[in-house]
Peer 1: 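One structure is given below, represented as structure tokens, and several questions about it will come after.
Just so you know, these numbers use all the heavy atoms, side chains as well, and skip hydrogens, waters and symmetry mates.
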Amino acid sequence: MMSPPDPRTLAAVRVVAEAHGGHPPSLGAHRLAWWLGTCWGGQPLAAHFLAKDWGLSADFIERLLMGEVEPTGDIAEQIAASSSGAIPAQDWFRGGPLGWMDFPPFAGAA
């Protein structure tokens, strides 16, 4: 059984949910929001630092979360590698039944 998410993670995902509506545009966006909140402890600047690491703008990360853009193959693969496979490249091209506040299944999770 998985332990409940850290309150900081929930707060970070709630910010995304409030800004972008009740349903993620793709499974990739959903997993990215939770991965940012989980791995970065809900830090508000997480997307900014991650974008810099990936050579992207924080605005582009925001647009990924909103579904305004989908990552190209190279960027999707870079996200998959940076997340240790938690956000597979193909997830950007399919939706999911969950809302933002529903914990997404991560690839490779037991």
Peer 1: Sequence neighbours excluded, which residues qualify as salt bridge (charged side-chain N to carboxylate O under 4.0 Å, His left out) partners of Arg63?
Peer 2: Glu68
Peer 1: Is it the case that one hydrophobic cluster holds both Trp92 and Ile75, taking links as side-chain heavy atoms less than 4.5 Å apart, direct or via other members?
Peer 2: yes
Peer 1: Determine, using the 4.5 Å side-chain heavy-atom cutoff (strictly less than), whether Phe60 and Ile87 are members of one ILVMFWY cluster.
Peer 2: yes
Peer 1: For residues Trp100 and Ala17, report the shortest heavy-atom separation together with the two atoms involved.
Peer 2: CB-CB, 3.5 Å
Peer 1: Roughly how far apart are Arg14 CZ and Glu18 CD, rounded to 0.5 Å?
Peer 2: 7.0 Å
Peer 1: Which heavy atom of Asp91 sits nearest to which heavy atom of Ser26, and what is that distance?
Peer 2: O-CB, 3.7 Å
Peer 1: List the atom of Pro24, the atom of Leu98, and the distance in Å for their closest heavy-atom pair.
Peer 2: CD-O, 3.1 Å
Peer 1: Closest approach of Leu65 and Ala29, non-hydrogen atoms and distance?
Peer 2: CD2-O, 3.5 Å
Peer 1: Do Leu32 and Ile61 have side chains that get closer than 4.5 Å, going by heavy atoms?
Peer 2: yes
Peer 1: Test your reading of the model: is there a side-chain donor-acceptor pair from His30 to the backbone of Asp102, 3.5 Å cut-off?
Peer 2: yes
Peer 1: Tell me the closest heavy-atom pair linking Ala86 and Arg31, and the distance in Å.
Peer 2: O-CD, 3.4 Å
Peer 1: Nearest 0.5 Å, please: how far is OG in Ser83 from CD in Gln78?
Peer 2: 11.0 Å
Peer 1: Consider only side-chain heavy atoms of I, L, V, M, F, W and Y, link residues closer than 4.5 Å, and tell whether Met101 and Phe103 are in one cluster.
Peer 2: yes
Peer 1: Group every Ile, Leu, Val, Met, Phe, Trp and Tyr by side-chain heavy-atom contacts under 4.5 Å, then state whether Ile79 and Leu56 land in the same group.
Peer 2: yes
Peer 1: Among the clusters formed by ILVMFWY side chains lying less than 4.5 Å apart, do Trp35 and Val69 turn up in the same one?
Peer 2: yes
Peer 1: Side chains of Leu27 and Phe93, heavy atoms from C-beta outward: is any pair under 4.5 Å?
Peer 2: no
Peer 1: Would a 4.5 Å heavy-atom cut-off, applied to side chains only, mark Leu64 and Pro71 as touching?
Peer 2: yes
